[in-house]
Amino acid sequence: QIAVAKKGYTMLEDNVELKKRSLLREYQLFKQVYTLQYSAGANGQILGEKTQKVSAGKNGTTVVAVPASPQYRFKKWSDGSTEPARKESNVLKSATYSAEFEETTVTLHYDIAYGGEIVTGSATQTLKPGTNGEPITIRAKEGYIFIGWSDGLQTLSRSENNVVKDLTFKALFFKPYLLTWREDFEN
């Protein structure tokens, strides 16, 4: 039995029966090639070559897992890697990698300063990107005056539409003080 091998090439085995003193046989070895396969779930896509044929010991090309919409973000690859871009180096076996995505959320927060209170709605709201927040209504506590929101809005009720990033708004209140001044104009 003869085994013919070369690093980076397929191995060939053959059974030979020697009947004469010399024997000439030719064997063809093929370069060993591995397949790298990349896929994404329904909420993402792969940029780059999804199926790559790579010779033994060589490098693949870069692929990037990207979310299909702002409502999702890359979570990890099936092998645990948390970088969305990847490039396999020194490939010595075929492999399949699947990108996982998760739903994202944004936070809408209303900070009610001292002197105010919420009548209806929630101070902190967790939303899917691109959706609308729930309306909120506030009022001034006794002895205080509402002077507006940190973004300039002057209404006691408000609602944010198409929220795509974390937002915080502060309701501002003022406590007026009566200053008394007496003047008798005689002295």
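Rounded to the nearest 0.5 angstrom, R158 CZ and L108 CG are separated by 8.0 Å. For the atom pair CD1 (I136) and OG (S159), the distance works out to 10.0 Å, reported to the nearest 0.5 Å. Going from atom CD1 of I112 over to atom NE2 of H109 covers 8.0 Å, rounded to the nearest 0.5 Å. In this structure, CG on L92 lies 6.0 Å from OH on Y34, to the nearest 0.5 angstrom. Atom CG of L172 is separated from atom CH2 of W149 by 9.0 Å, given to the nearest 0.5 angstrom.
Nearest approach of A65 to W77, heavy atoms of both residues: CB-CZ2, 3.7 Å. Smallest separation of non-hydrogen atoms from I147 and F173: CG1-N, 4.1 Å. Heavy-atom minimum distance, I118 versus A123: CD1-CB, 3.6 Å. Of all the heavy atoms in V91 and G60, the pair that sits closest is CG2-N, 4.4 Å. F146 and L156 get closest at one heavy-atom pair: CD2-CD2, 3.4 Å.
Looking only at atom types and distance, the side chain of E142 has no donor-acceptor partner in the side chain of Y144 under 3.5 Å away. Remark: the E88 side chain and the Y38 side chain contain an N/O donor-acceptor pair separated by less than 3.5 Å.
Hydrophobic cluster membership is shared by L167 and L153, with clusters built from Ile, Leu, Val, Met, Phe, Trp and Tyr side chains linked at under 4.5 angstrom.
Using modelled atom types, no side-chain atom of Y110 and backbone atom of F169 make a donor-acceptor pair closer than 3.5 Å. Side chain of Q154 to main chain of G152: a donor-acceptor pair is present (N/O by atom type, distance under 3.5 Å, no hydrogens or angles). When atom types are taken as modelled, the side chain of S89 and the backbone of N59 share no donor-acceptor pair closer than 3.5 angstrom.
Figure legend: K76 and F101 shown without cation-pi pairing, the cationic atom not lying both under 6.0 angstrom from the six-membered ring centre and within 45 degrees of its axis.
Under the rule for a side chain to side chain donor-acceptor pair (under 3.5 Å), the partners of T120 that lie at least two apart in sequence or sit in another chain are T137.
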Only pairs under 3.5 Å count here: list side-chain donor-acceptor contacts from residues 40-56, not counting sequence neighbours, and write none if there are none.
unit_1	atom_1	unit_2	atom_2	d
T51	OG1	Q37	OE1	2.9
T51	OG1	Q37	NE2	2.9
Q52	OE1	T61	N	2.8
Q52	OE1	T61	OG1	3.4
Q52	NE2	E49	O	3.0
Q52	NE2	T61	O	3.1
Q52	NE2	T61	OG1	3.0
K53	NZ	T35	OG1	2.9

Give the table of side-chain donor-acceptor pairs shorter than 3.5 Å for residues 125-133, with sequence neighbours excluded, one pair per line with atom names and distance.
unit_1	atom_1	unit_2	atom_2	d
Q125	OE1	E134	N	2.7
Q125	NE2	S122	O	3.2
Q125	NE2	E134	O	3.0
K128	NZ	E103	OE2	3.3
T131	OG1	K128	O	2.6
N132	OD1	N162	N	2.9

Report the C-alpha distance between Y97 and D79 in whole Å, list the side-chain angles of each, state the deciding distance to 0.1 Å, and finish with yes or no for side chain to side chain contact (heavy atoms under 4.5 Å, CB included). CA-CA 7 Å; Y97 303 98; D79 67 345; 3.4 Å; yes

